Amino acid sequence: MKKKNKRNLRLKKFYFHPITIFLVLIIVTVIASAILSFFQMQGSYSTIDATNNTLDTTLVTVENMLSFDGLKLIFSNALRSFLSFAPLGMLLVTLIGIGISKSTGFLDVLCKRVFNKVDKRIMTFIIIFLAIISSLINDIGYVLLIPLAAIIFQANNRNPYVGMIAAFCGVSFGYGISIFVGSMEVNLIPYTTMAARLIDSNAHISLTSNLFIIIGFSVILAIIGTFIIEKIIIPRMGKYKEESSFTKTEEMQAIDIEEAEQLKIEQEKKEKKGLRRALITGLIIVILFIYMLIPNLPYSGLLLDMTEDTYLGQLFGANSYFQDGFTYMITLLLVAMGLAYGLSAKTVKNDKEIIAGCKEIYASMGEMILLLFVSSQFISIFRQTNIGTVISSWCADAINNISFTGIPLIIFVIIMVAIASLFLTSSTTKWEIFSPIVVPAFMQANLSPQFAQFIFRVGDSIAAGLTPLLPGFIIYLGFLNMYNKDLKKPISIHKGISYVLPYFGIMAISWILLTIGWYLIGLPIGPNVYPTL
């Protein structure tokens with residue numbers, strides 16, 4: 001009995017770093033691809049030929065990455081996979097803005113004079129709500145809100161882990177809904193329209209077809225998410241233990257009390273002045289950005305793709321300057337506000353101090369860069385094996401082989417899409433596979449194709465934050481470890497997932513119940529669009 005206890009103690013003392021785990025996952029994926037390829041694991045799915053609106057069958061097989069060609073592909077694509085890894089560039093650019101605005105003192109003063117005065121629950125709601133609607137612009141929520149939420153929570157003497165969890169869960173488990181139509185609609189609607197025309201050749205799906213329901217869900221899920229964070233996650237996480245690198249000496253003894261009071265008043269004046277000018281600067285820049293989004297005015301439309309026919313296409317299309325440049329725009333905004341504060345409050349004296357301050361935030365980025373490199377290789381290799389696509393095709397085929405209608409059909413589709421989301425994270429690719437099956441099945445069950453598209457979004461969001469194949473999960477995991485003070489106990493993939501499990505469980509049930517309730521009541525999901533035909 002004693003020997004067994006000693007062995008358990010030894011096991012508990014050893015922790016794998018997530019970078020090591022990703023390396024193991026790469027090896028496992030390569031070996032698994034060879035085994036599954038040997039047993040000819042494959043799947044097939046239907047795609048729609050847009051020219052004649054007919055179905056074409058696509059056969060997909062697991063690619064053997066342990067073969068000569070597979071290994072050659074791994075080595076030749078390693079650098080490309082890393083450099084094209086979506087969060088990498090966005091994160092590095094965003095951190096410039098965060099670094100400068102923090103080093104000048106702007107973020108700290110903003111937290112002290114603005115955020116600290118806001119009720120903690122309201123602040124949690126704001127973070128989750130912004131995270132939910134951030135999917136309007138690709139994956140900006142992961143690279144911007146996760147680090148900012150950590151800073152805001154820590155400035156409020158709250159656990160920064162909880163801030164990161166709130167931001168990550170808001171983006172992941174609320175992905176695809178917003179207060180306005182965005183890139184999701186632009187990407188999904190062409191497939192929805194083609195699939196609907198398999199049943200009705202005159203079907204038309206507008207970009208606002210899910211507008212009412214996504215606005216409603218954005219607010220409701222943010223409220224539920226706030227309850228989960230405040231009542232469940234915060235008590236579980238406890239307080240954040242911060243190491244002190246030095247002890248402060250008491251200087252007040254050497255300073256006259258009256259003189260100290262005067263210094264405090266002068267400091268507050270500088271902070272107020274700097275904050276006021278920073279906010280004015282930010283407002284001016286936001287107005288300029290908005291002007292760049294208005295077409296047909298002098299020097300306007302700079303951020304629009306004028307080759308598109310519709311305004312939403314110009315704003316959120318594949319070649320939209322607004323979407324591609326949004327990360328840079330946010331960075332410029334943070335830099336300008338940080339500099340305005342620093343120069344007005346005289347917290348920085350020259351360019352060298354600004355650059356030195358920006359350098360600080362990158363000093364701890366070595367581990368994050370290594371994590372991004374290793375995880376990008378894992379995600380790229382897994383994608384090249386086609387395992388995710390094969391499993392998704394099986395899930396779509398399962399829907400095709402059942403004869404459910406109404407609520408059972410809705411729940412089954414949500415579950416199948418959620419399972420597929422664990423292995424295939426691209427929403428557009430999944431909908432290309434699912435739409436030719438889900439949309440006709442819904443229409444034959446007297447459910448609208450617009451509602452079918454929303455049901456897909458529900459399933460796509462429910463389990464999104466539970467897979468290490470999600471690039472946003474890597475950002476979340478990386479920042480958790482950046483704030484981790486116990487180097488002997490790095491936060492692993494398993495630990496990162498365990499933090500969000502309560503949020504996932506309650507949010508998944510909420511998604512399903514709210515969706516069924518909306519369907520039973522028959523509320524419109526968009527202008528003149530209902531769940532039923």
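What you see below is based on every heavy atom in this structure, not just the backbone, and it leaves out hydrogens, waters and symmetry mates. Treat the numbers as computed from the prediction; the structure is a model and nothing was measured.
- Here the shortest heavy-atom pairing between Ile285 and Leu332 reads CD1-O, 4.5 Å.
- Atom CG of Asp119 has more than 12 heavy atoms from other residues, nucleotides or ligands within 6.0 Å.
- Arg121 CZ: 12 or fewer foreign heavy atoms inside a 6.0 Å radius.
- Phe322 pairs by the ring pair (Phe, Tyr, Trp, His ring centres under 6.0 Å) definition with Phe326, not counting sequence neighbours.
- Here the rule is side-chain contact (heavy atoms from CB on, under 4.5 Å) with Phe451, and of Phe442, Tyr530, Phe456 only Phe442 fits it.
- With a 6.0 Å radius and a threshold of 12 heavy atoms from other residues, nucleotides or ligands, Tyr321 has its OH atom at or below the threshold.
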Subject >> Stepwise side-chain contact (heavy atoms from CB on, under 4.5 Å) check, Tyr341 with Leu110 >> reply: CA-CA 10 Å; Tyr341 174 83; Leu110 186 66; over 6 Å; no

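- Pro527 approaches Leu211 most closely through the heavy-atom pair CD-CB, 4.5 Å.
- Screening residues 503-519 for side-chain hydrogen bond (donor to acceptor under 3.5 Å, both in side chains), with sequence neighbours left out, gives no hits.
- At most 12 non-hydrogen atoms from other residues, nucleotides or ligands lie less than 6.0 angstrom from OH of Tyr328.
- Considering Tyr499, Tyr476, Phe504, Tyr161 as possible partners of Phe168, the one that fulfils the ring-ring contact (aromatic ring centres under 6.0 Å, His included) test is Tyr476.
- Sorted by first and then second residue, the salt bridge (charged side-chain N to carboxylate O under 4.0 Å, His left out) pairs involving residues 273-294 (not counting sequence neighbours) form an empty list.
- Atom NZ of Lys495 is surrounded by 12 or fewer heavy atoms from other residues, nucleotides or ligands within 6.0 Å.
- Closest approach of Ile379 to Pro468, counting heavy atoms only: CD1-O, 4.0 Å.
- A 4.5 Å side-chain heavy-atom check between Leu221 and Leu514 finds at least one atom pair inside the cut-off.
- Ring centroid separation for the pair Phe217 and Phe454 comes in under the 6.0 Å cut-off.
- Nearest heavy atom pair, residue Phe479 against residue Leu95, reads CZ-CD2, 4.3 Å.
- For residues 170-188, every residue pair satisfying the salt bridge (charged side-chain N to carboxylate O under 4.0 Å, His left out) rule, not counting sequence neighbours, is listed here: Glu185-Arg457.
- Residues satisfying the side-chain contact (heavy atoms from CB on, under 4.5 Å) criterion with Val529, sequence neighbours excluded, are Ser209, Gln450, Ile525.
- Not counting sequence neighbours, the partners of Leu372 by the side-chain contact (heavy atoms from CB on, under 4.5 Å) test are Phe82, Phe85, Leu88, Leu91, Met368, Ile474, Ile475.
- Not counting sequence neighbours, the partners of Leu130 by the side-chain contact (heavy atoms from CB on, under 4.5 Å) test are Ile126, Ile133, Leu145.
- Applying the side-chain hydrogen bond (donor to acceptor under 3.5 Å, both in side chains) definition to pairs two or more places apart or across chains, those involving residues 163-178 are Tyr142-Ser172.
- Residue pairs meeting the side-chain hydrogen bond (donor to acceptor under 3.5 Å, both in side chains) criterion with at least one member in residues 88-103, sequence neighbours excluded, are Lys102-Asp108.
- Counting heavy atoms of neighbouring residues, nucleotides and ligands inside a 6.0 Å radius, atom CZ of Phe227 does not exceed 12 of them.
- Every residue two or more places apart in sequence or in another chain was checked for a salt bridge (Lys or Arg N to Asp or Glu O under 4.0 Å) with Lys272, and none qualifies.
- Shown here are the side-chain contact (heavy atoms from CB on, under 4.5 Å) partners of Ile509, two or more places apart in sequence or in another chain: Leu513.
- Listed for the Ser134 side chain is no donor-acceptor partner under 3.5 Å among the backbone atoms of Ile140.
- Between Leu148 and Leu107 there is a side-chain heavy-atom pair separated by less than 4.5 Å.
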Please table the atom pairs, donor to acceptor, closer than 3.5 Å between any side-chain atom in residues 418-428 and protein atoms at least two apart or in another chain.
{"residue": "Ser421", "atom": "OG", "partner": "Val417", "partner atom": "O", "Å": "2.8"}
{"residue": "Ser421", "atom": "OG", "partner": "Asp460", "partner atom": "OD1", "Å": "3.3"}
{"residue": "Ser426", "atom": "OG", "partner": "Thr429", "partner atom": "N", "Å": "3.3"}
{"residue": "Ser426", "atom": "OG", "partner": "Thr429", "partner atom": "OG1", "Å": "3.0"}
{"residue": "Ser427", "atom": "OG", "partner": "Asp460", "partner atom": "OD2", "Å": "2.5"}

